Amino acid sequence: QVQLVESGGGLVQPGGSLRLSCAASGFAFNIYVMNWYRQALGKERELVARIGVSGDTTKYADSVKGRFTISRDNAKNTVYLQMNSLKPEDTAVYFCNAKESLMAMRDPYIYWGQGTQVTVSS
């Protein structure tokens with residue numbers, strides 16, 4: 001019932017742009033911090049961008065800061081990753097992640113999308 005459904009991945013040339021979308025359902029989207037992770041072949045998964053529950057706070061990996069923008073639309077239960085000025089080193093599987101925002105000291109619920117391939121190549 002809980003789903004994170006990603007779209008927008010594909011093949012793009014260096015310098016190009018791509019927008020990833022992640023549509024959430026089955027949970028209270030507006031109390032979850034949303035994240036984009038990526039994992040390149042042979043490398044560990046890394047956090048690319050994070051957005052707070054209301055969309056007013058964001059964080060980015062140094063490698064993408066100034067090029068990528070994370071946003072969310074709580075009315076549509078959707079988080080986006082706008083990727084501009086793409087480089088070959090951005091090539092990876094990109095994963096949507098939701099982490100429950102909690103004040104209490106219990107384990108938060110965490111959900112993952114299926115991953116979508118982004119390939120930047122000339």
Side-chain angles (χ1 to χ4, degrees):
Q1 193 169 16
V2 170
Q3 291 188 92
L4 294 173
V5 180
E6 298 166 310
S7 61
L11 176 65
V12 66
Q13 294 183 354
S17 297
L18 210 59
R19 189 181 78 158
L20 306 183
S21 299
C22 174
S25 61
F27 65 97
F29 182 80
N30 64 358
I31 64 167
Y32 281 72
V33 174
M34 299 300 298
N35 308 279
W36 286 99
Y37 287 80
R38 69 185 182 188
Q39 187 167 22
L41 186 63
K43 295 187 176 181
E44 293 186 342
R45 189 172 297 185
E46 65 172 339
L47 178 66
V48 176
R50 171 172 290 160
I51 188 164
V53 297
S54 66
D56 56 351
T57 59
T58 58
K59 294 181 180 179
Y60 298 93
D62 288 342
S63 59
V64 308
K65 193 171 184 178
R67 300 188 296 120
F68 290 12
T69 303
I70 188 170
S71 61
R72 68 191 293 163
D73 186 340
N74 284 355
K76 296 181 178 180
N77 290 350
T78 302
V79 63
Y80 306 94
L81 185 67
Q82 178 66 46
M83 304 184 294
N84 298 326
S85 302
L86 283 161
K87 304 174 180 179
E89 50 263 47
D90 296 318
T91 296
V93 178
Y94 284 71
F95 298 89
C96 180
N97 164 275
K99 185 176 182 180
E100 189 181 20
S101 180
L102 291 174
M103 300 296 292
M105 295 298 295
R106 68 162 172 87
D107 291 344
Y109 291 115
I110 300 173
Y111 305 115
W112 289 90
Q114 78 285 356
T116 184
Q117 176 71 229
V118 171
T119 302
V120 184
S121 177
S122 60

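This one's a predicted model, so the numbers in the text were calculated from it and none came from an experiment.
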- Atom CD of Gln117 with >12 non-hydrogen neighbours under 6.0 angstrom: yes
Look up atom [atom1] in [X] and atom [atom2] in [Y], then write down how far apart they are to the nearest 0.5 Å.
{"X": "Lys99", "Y": "Trp112", "atom1": "NZ", "atom2": "CH2", "answer": "10.0 Å"}
{"X": "Leu4", "Y": "Tyr111", "atom1": "CG", "atom2": "OH", "answer": "9.0 Å"}
{"X": "Met83", "Y": "Thr69", "atom1": "CE", "atom2": "OG1", "answer": "11.0 Å"}
{"X": "Glu100", "Y": "Arg106", "atom1": "CD", "atom2": "CZ", "answer": "4.0 Å"}
{"X": "Ser7", "Y": "Arg19", "atom1": "OG", "atom2": "CZ", "answer": "8.0 Å"}
{"X": "Thr116", "Y": "Leu81", "atom1": "OG1", "atom2": "CG", "answer": "11.0 Å"}

Main chain of [Y], side chain of [X]: is a donor-acceptor contact present, judged purely on distance under 3.5 Å?
{"X": "Thr91", "Y": "Val120", "value": "yes"}
{"X": "Glu46", "Y": "Arg38", "value": "no"}
{"X": "Glu6", "Y": "Cys96", "value": "yes"}

When you group the ILVMFWY residues by side-chain heavy-atom contacts below 4.5 Å and let the links chain together, are [Y] and [X] in the same group?
{"X": "Val53", "Y": "Val79", "result": "no"}
{"X": "Leu20", "Y": "Phe95", "result": "no"}
{"X": "Val12", "Y": "Val64", "result": "yes"}
{"X": "Tyr37", "Y": "Ile51", "result": "no"}

Nearest atoms (heavy-atom pairs only) where [X] meets [Y]:
{"X": "Gly10", "Y": "Leu18", "result": "N-CD2, 3.9 Å"}
{"X": "Pro14", "Y": "Ser122", "result": "CD-N, 3.6 Å"}
{"X": "Asn84", "Y": "Gln82", "result": "OD1-NE2, 2.9 Å"}
{"X": "Ser21", "Y": "Thr78", "result": "CB-CG2, 4.5 Å"}

- Any side-chain heavy-atom pair from Val2 and Tyr109 closer than 4.5 angstrom? no
Under 3.5 Å, which donor-acceptor pairs link side chains of residues 23-36 to any protein atom two or more places apart or in another chain?
from  : atom 1 : to    : atom 2 : distance (Å)
Asn35 : OD1    : Arg50 : NE     : 2.5
Asn35 : ND2    : Asn97 : OD1    : 2.7
Trp36 : NE1    : Tyr80 : O      : 3.4

